[in-house]
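Worksheet for the structure shown next.
Order of the sequence lines sets the chain letters (A, B, ...), proteins ahead of strands, with each chain counted from 1.
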Protein chains: 2
Amino acid sequence: MAGDSGADGDNSGTGTHPTKDGKKATIRDVAKKAKVSLGTVSNVLNDPERVAPATRNRVLKAIEVTGFVRNIAARQLRGGGSKAVGIVILDSSNPFFTEMIRGAEDALRQEGYLLIACSTDGSSDREAMYLRHLEEHQVEGVLITPSNDDLDQIIDFHDRGTPVVLVDREANSGELCSVTVDDVKGGSIAISHLVEDGHRKILFVNGPMSIRQCRDRRAGVDVALKGQRSPHATDWIEVIDLEVPSLSIAAGEEISLELLNIDPSISAIMCANDLLAIGVMRGLASSGSDLLSRVALVGYDDITFSSLVSPALTSVHQPQYDLGYAAARLLLEELSDSGHRHHEIRFTPDLVVRESSIKKSSPA
Amino acid sequence: MAGDSGADGDNSGTGTHPTKDGKKATIRDVAKKAKVSLGTVSNVLNDPERVAPATRNRVLKAIEVTGFVRNIAARQLRGGGSKAVGIVILDSSNPFFTEMIRGAEDALRQEGYLLIACSTDGSSDREAMYLRHLEEHQVEGVLITPSNDDLDQIIDFHDRGTPVVLVDREANSGELCSVTVDDVKGGSIAISHLVEDGHRKILFVNGPMSIRQCRDRRAGVDVALKGQRSPHATDWIEVIDLEVPSLSIAAGEEISLELLNIDPSISAIMCANDLLAIGVMRGLASSGSDLLSRVALVGYDDITFSSLVSPALTSVHQPQYDLGYAAARLLLEELSDSGHRHHEIRFTPDLVVRESSIKKSSPA
DNA sequence: ATAAGTTTTTGAAACGTTTCAATAACTCAA
DNA sequence: TTGAGTTATTGAAACGTTTCAAAAACTTAT
């Protein structure tokens, strides 16, 4: 092996450069430069202990001089992974999801993975399209908040070979990993807070009952009320249901018009999520209503801005960042463990009490 | 060509399935099933007019039966594009950026591209790491808000072959496409609003002058004041500068403590972005201060929640969604036009007046 | 110098898809 | 039927990287 004395003079002067015909440097260029085989270059990249130090340094030098950047597609074709994970969410303008993405990104970055972000806006067709694209890309896994209750297309996708972790959604029967928050419990602690504050007639502004989260949060209300109704209870707690078509600020604003004339004995409003609650607040303020000086308001999610609105919103805190982080870690575990068993991580929500529910007088 | 009578009996009954050894179906399996060549299958997928209808239908049937899903890595290796674009932003918890991502995603989805989201949190090292990963993945382009003023690593990245569009940042001298908002103009219209309302002593809470947007917005203030000072002006307008270390809610809250004792002749505060302004509001509210009932407040960005805080924030509106959408469209143009010339799209901001700056009495 | 054991390097083949020159098949007119 | 022109299909080779059996090189003991 004659020493490479650096006298071969191609592309003298500059540090990094493509090959002479303008193409990006490949492993073949590095091998030629270092006067070793393709396999040796690959070993330096992937199994450096297997290469003698002198050879290894020569190859590393050649990598630097040629400006070589590995081609993931070639590696992937030969059997390597894509080092990419998809995340499929409902709505990227809801801070609930952007915090979740942040958690997932942080976890994946630690392992050198890229995160492909996809928003379905609740469309099953768009979800299918994204899953198809992700499958063509051979992503190593997908974190997904389903667009609807029907998991069939997600199960099919998973059965075709891509690991899936459900986020904020349980699997039906252990066929997938999932990360959730106990929304039944969340509903319970919200309503309990209001009941303990003396409220006896409470309006529940919910989203579509076809959405599982809406069903669970409402179910939590029932669980809490059952626990409150001891045999010798002397007062009666009533919950009035109002369903809106979507869990958005706009839907909250729209329903606020109906709240202007609500039964005066209603002393509290619980909303199925913070965007709804914020929309209600906004709509009432626009109408010049002072309803919220009389009536307590509780939201659900505790998104970043809930503490910033006025009155600051009491809300059931969901650990959004932790959801994303835990989901990504679960997926990474599944990727590294061939004998992986699916399981669920369930977070417990807690209530953050702020101005919107404090010191409202309940009716005598 | 004997007809395929469906009597070959492999995997009978189910619609889609992998090959007999559990691997995903490849183009080779489709070709075998349809009794055509690999090239014919590829033509059906990529140039269907070139295939006779009877053959084409047979191949499409085989694609369905085998459950074939194209492998992008193989296509990419042979010379096709990755159908993926990276977007590199500063902070995914700032609604300014999440709206921008949304615009980019919508534009790219129309052309069948996936969006890879990367947050730098202002770190140049992290930016370098992401650029490297994106390069290995051979993304077809990158939309990027630079982590700092030094564009060197981004230019190098671009020079190595990946198209780049700067977002909310100008290129230095036409070497890259960019999409920006005229922050000088934005600063001007904000301060003009305050001056027209009669304010003569105005505090400017800015971020680090090392950040170009902060410099531009402040420069806009000077431009507007020059225009206001006619030779025979009888009153004097004074702007007092206060610099904070970061453009965040937290920094705004912290500086609000210093605002408790400001010169009473200051009748207006302009903040370099909405997060700062919201932090100031929050901090003042926490301190029980009624400063904002006397002093006008103006922010910059008009993020989604600025209308929801109290008082609703007057703010310079940046078209965040449009920034992202336009950047992605610029990139797509560059990809489809081999004679592409770089250019810049510059949006003009406009002021949205809300409660925070209305009807404050300026000092006599 | 020779043999045995260990370390290092090599290079052929695989991966899935696309491309295009060559071949085969088809159609129509004489 | 034959020949010319057109359409449709084929299949070899390329793309960049990894893998692993085989070969080469090195080290140590006799």
Using atom [atom1] of [X] as one end and atom [atom2] of [N] as the other, report the distance to the nearest whole Å.
{"X": "B:Arg28", "N": "C:dT18", "atom1": "CZ", "atom2": "P", "result": "13 Å"}
{"X": "A:Ile63", "N": "D:dG16", "atom1": "CD1", "atom2": "C1'", "result": "14 Å"}
{"X": "A:Glu135", "N": "C:dG16", "atom1": "CD", "atom2": "P", "result": "14 Å"}
{"X": "A:Arg70", "N": "D:dC15", "atom1": "CZ", "atom2": "P", "result": "21 Å"}
{"X": "A:His137", "N": "C:dG16", "atom1": "NE2", "atom2": "C1'", "result": "15 Å"}
{"X": "A:Phe68", "N": "D:dT18", "atom1": "CZ", "atom2": "P", "result": "7 Å"}

Contacts of type salt bridge (Lys or Arg N to Asp or Glu O under 4.0 Å), residue [X], not counting sequence neighbours:
{"X": "B:Arg126", "result": "B:Asp121"}
{"X": "B:Glu135", "result": "A:Lys24, B:Arg160"}
{"X": "B:Arg50", "result": "B:Asp47"}

Side chain to side chain donor-acceptor pair (under 3.5 Å) partners for B:Ser123, two or more places apart: none
Output side-chain donor-acceptor pairs under 3.5 Å for residues 150-157 of chain B, partner residues at least two apart or in another chain, one line each.
from, atom 1, to, atom 2, distance (Å)
B:Asp150, OD1, B:Asp152, N, 2.9
B:Gln153, NE2, B:Ser124, O, 3.0
B:Gln153, NE2, B:Glu127, OE2, 2.8

Mind checking side chain to side chain contact (heavy atoms under 4.5 Å, CB included) for A:Ile27 and listing every partner two or more places apart, or none if nothing turns up? A:Leu38, A:Val41, A:Ser42, A:Leu45, A:Phe68
Please list all pairs meeting salt bridge (charged side-chain N to carboxylate O under 4.0 Å, His left out) that have one or both residues in residues 330-345 of chain A, counting only residues at least two apart or in different chains. A:Glu344-A:Arg346
With a 4.0 Å heavy-atom cut-off, tell me which residues in residues 72-86 of chain A come close to DNA chain D, sorted by residue number. A:Ala74, A:Arg75, A:Arg78
Contacts of A:His342 that satisfy ring-ring contact (aromatic ring centres under 6.0 Å, His included) - sequence neighbours left out: A:His158, A:His340
For DNA chain C, the residues among residues 46-54 of chain B that have a non-hydrogen atom under 4.0 Å from it: B:Asn46
Phosphate-side-chain proximity, A:Ser42 and D:dT18, N/O vs OP1/OP2 below 4.0 Å: yes
Closer than 4.0 Å, any side-chain N/O of A:Ser37 to the OP1 or OP2 of C:dT9? no
Given axes from five pairs at either end, by how many degrees does the helix from C:dA1-D:dT30 to C:dA30-D:dT1 bend, rounded to 10°? 50°
Residue pairs meeting ring-ring contact (aromatic ring centres under 6.0 Å, His included), one or both in residues 101-150 of chain B, sequence neighbours left out, come to none
